[in-house]
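We count residues from 1, following the sequence as given.
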Amino acid sequence: MMDAAPPTGYVRLTAGRCSVVTAASHVEDARALLADGTLYEAAARDLGARQLHGRGIVYAIALPISRDRVVVRHNRHGGALADFTGDVFLPPTRAPHELNVALRLRAAGVRTPEVVMYGLKRVAVILRHADVMTREIVGGRDLASYLAPSESDEVRHQAWEATRVLVRAMNAAGARHKDLNVKNILIANDDGALAAWTLDVDRVQWGEPHSEWVQTGNAWRLARSARKWRDERGFVFDEAEIGVLNDDWAARL
């Protein structure tokens, strides 16, 4: 299968069974990482790596040449078939799609971490492993952490306000996130105020900007996730706060 050409501003490098599509500004970083295996293998061997936990271990590292801070994730399947499909994908995998979605979101003014590069490794004739590297949002915490009972009402309110801004930007872009939840919204200080970024953007579907399908889908999924954390884990969540997700459709949730 012929690989699609990288988007503008990105280039492809190949070393043995591994290939990387990288931002042109980070070619030397990509070459240094490829000399150590896959992106994920290189990150795992970095003595300065910080481990994060999600669907498997994620590594936060400084790139070897530029020293830019990034997060490296090994793609794994989720859902009922995860035990069978594990971490192998048919080409082109989800990684190129994630890059293209992230570029489109960022161009539309939606906050999502920059995809610095992604890497593929051929593990069989038609199967691939995939790693994705995004720029680290330094000091970021997921929205779930702001729902903890130990968090102040004022800070939690600020986190929800930042989330409202993010969701409205997604609605304006026509981006409906199939797995929008309190764990894949990242919140960090940005120029003195809290701002929110959306993660796992390979789950984004496109629709008409501001359409009911987009707006209710985003608000419903996020509200369902917040309620689950409240009901199952005792986290703090006021039903009135759902309204900040989307003022136009909140009454229909």
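- When atom types are taken as modelled, the side chain of Arg17 and the backbone of Lys121 share no donor-acceptor pair closer than 3.5 angstrom.
- Of the inter-residue distances, the one linking Leu166 atom CG with Trp160 atom CH2 reads 11.5 Å to the nearest 0.5 angstrom.
- The two atoms that bring Val214 and Gly207 nearest to each other are CG2-CA, 4.1 Å, heavy atoms only.
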Self-check item: Verdict with reasoning, Glu161 to Leu194, per side-chain contact (heavy atoms from CB on, under 4.5 Å)
Solution: CA-CA 8 Å; Glu161 282 297 307; Leu194 291 184; over 6 Å; no

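- Side-chain contact between Pro64 and Leu33: present, with at least one pair of heavy atoms (C-beta onward) separated by less than 4.5 Å.
- Taking NE2 of His157 as the reference point, atom OG of Ser152 lies at 11.0 Å (rounded to 0.5 Å).
- In this structure, the side chains of Arg69 and Arg50 come closer than 4.5 Å at one or more pairs of heavy atoms.
- Hydrophobic cluster membership is shared by Val167 and Val201, with clusters built from Ile, Leu, Val, Met, Phe, Trp and Tyr side chains linked at under 4.5 angstrom.
- Checked by atom type and distance alone, the side chain of Arg106 pairs as donor or acceptor with a backbone atom of Thr112 at under 3.5 Å.
- Within the 4.5 Å cutoff, the side chain of Asn184 has no heavy atoms near those of the Asp142 side chain.
- The two residues Phe235 and Ala148 make their nearest non-hydrogen contact at CD2-N, 3.5 Å.
- Checked by atom type and distance alone, the side chain of Gln51 never pairs as donor or acceptor with a backbone atom of Tyr59 at under 3.5 Å.
- No side-chain donor-acceptor contact under 3.5 Å links Arg128 to the backbone of Val123.
- In this structure, a donor-acceptor pair under 3.5 Å is absent between the side chains of His77 and Asp87.
- For the residue pair Asp131 and His74, a side-chain donor N or O sits within less than 3.5 Å of a side-chain acceptor on the partner.
- Both the sub-6.0 Å distance and the 45° axial angle are not jointly satisfied by Arg176 relative to the ring of Trp206.
- Atom CG in Leu180 sits 4.5 Å away from atom CD1 in Ile185 (nearest 0.5 Å).
- Checking side-chain atoms of Asp231 against main-chain N and O of Lys228 turns up no donor-acceptor pair under 3.5 Å.
- Inter-residue side-chain proximity for Asp179 and Asn181 is flagged as met; some heavy-atom pair is nearer than 4.5 Å.
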Exercise. I would like to know whether Glu98 and Arg73 meet salt bridge (Lys or Arg N to Asp or Glu O under 4.0 Å); could you show each step before the answer?
Key: CA-CA 12 Å; Glu98 181 171 349; Arg73 183 182 79 251; 2.6 Å; yes

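- In this structure, the side chain of Asp190 does not engage the main chain of Ala193 through any donor-acceptor pair within 3.5 Å.
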Quiz item: Where do Ile65 and Asp29 land on the side-chain contact (heavy atoms from CB on, under 4.5 Å) test, with the steps shown first?
Solution: CA-CA 5 Å; Ile65 307 301; Asp29 287 307; 3.1 Å; yes

Practice problem: Apply salt bridge (Lys or Arg N to Asp or Glu O under 4.0 Å) to the pair Arg230 and Glu239, showing each step before the final yes or no. | Solution: CA-CA 10 Å; Arg230 177 195 61 192; Glu239 285 291 332; 2.8 Å; yes

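- In the hydrophobic clustering of this structure, Val21 groups with Leu120; members are Ile, Leu, Val, Met, Phe, Trp, Tyr whose side-chain heavy atoms approach within less than 4.5 Å, directly or through other members.
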Quiz item: Do Asp153 and Arg156 pass the salt bridge (Lys or Arg N to Asp or Glu O under 4.0 Å) test, and can you show the C-alpha distance, the side-chain angles, and the key distance before you say yes or no?
Solution: CA-CA 5 Å; Asp153 291 345; Arg156 188 178 70 249; 3.1 Å; yes

Self-check item: side-chain contact (heavy atoms from CB on, under 4.5 Å) between Ser66 and His26, intermediate numbers included
Solution: CA-CA 7 Å; Ser66 67; His26 287 84; 3.6 Å; yes

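- The two residues Ala23 and Tyr10 make their nearest non-hydrogen contact at N-CD2, 3.2 Å.
- Note on Leu99: it does not cluster hydrophobically with Val11, by side-chain heavy-atom contacts below 4.5 Å among ILVMFWY residues.
- Here the side chains of Thr198 and Arg111 are not in contact, with every heavy-atom distance at 4.5 Å or above.
- Scanning both residues, Ala196 and Ala162, for their nearest heavy atoms gives CB-O, 3.6 Å.
- Here Ser19 contributes atom OG and Tyr118 contributes atom OH; the two are 7.0 Å apart, rounded to the nearest 0.5 Å.
- Residue Val70 forms a side chain to side chain contact (heavy atoms under 4.5 Å, CB included) with just one option from Leu39, Leu63, Thr134, and that option is Leu63.
- Using a 4.0 Å cut-off between charged side-chain N and carboxylate O, Arg227 and Glu232 make no salt bridge.
- Note that CD of Glu212 and NE2 of His210 are 14.5 Å apart. Values are rounded to the nearest 0.5 Å.
- Not one N or O on the side chain of Ser225 forms a donor-acceptor pair closer than 3.5 Å with the backbone of Leu222.
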Self-check item: From CA spacing to verdict: salt bridge (Lys or Arg N to Asp or Glu O under 4.0 Å), Asp68, Arg135
Solution: CA-CA 8 Å; Asp68 288 351; Arg135 192 171 299 279; 3.3 Å; yes

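- Taking each heavy atom of Ala43 and Ala49 in turn, the nearest pair found is O-CB, 3.5 Å.
- Taken together through direct or relayed side-chain contacts under 4.5 Å among Ile, Leu, Val, Met, Phe, Trp and Tyr, Val165 and Leu186 form parts of separate hydrophobic clusters.
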Exercise. Step by step, work out the side-chain contact (heavy atoms from CB on, under 4.5 Å) result for Val72 and Ile61.
Key: CA-CA 8 Å; Val72 185; Ile61 64 169; 4.2 Å; yes

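- Of the possible polar contacts, none joining the Thr93 side chain to the Phe89 backbone as a donor-acceptor pair under 3.5 Å is found.
- Between the side chains of Asn218 and Asn171, at least one donor N or O lies within less than 3.5 Å of an accepting N or O.
- Val236 and Val155 are not part of a single hydrophobic cluster, where members link through side-chain heavy atoms under 4.5 Å apart.
- A cation-pi contact, defined as under 6.0 Å to the ring centre and within 45° of the axis, links Arg141 to Tyr146.
- Note that CH2 of Trp197 and CD1 of Ile137 are 5.0 Å apart. Values are rounded to the nearest 0.5 Å.
- Between Met170 and His177, the closest heavy-atom pair is CE-CB, 3.7 Å.
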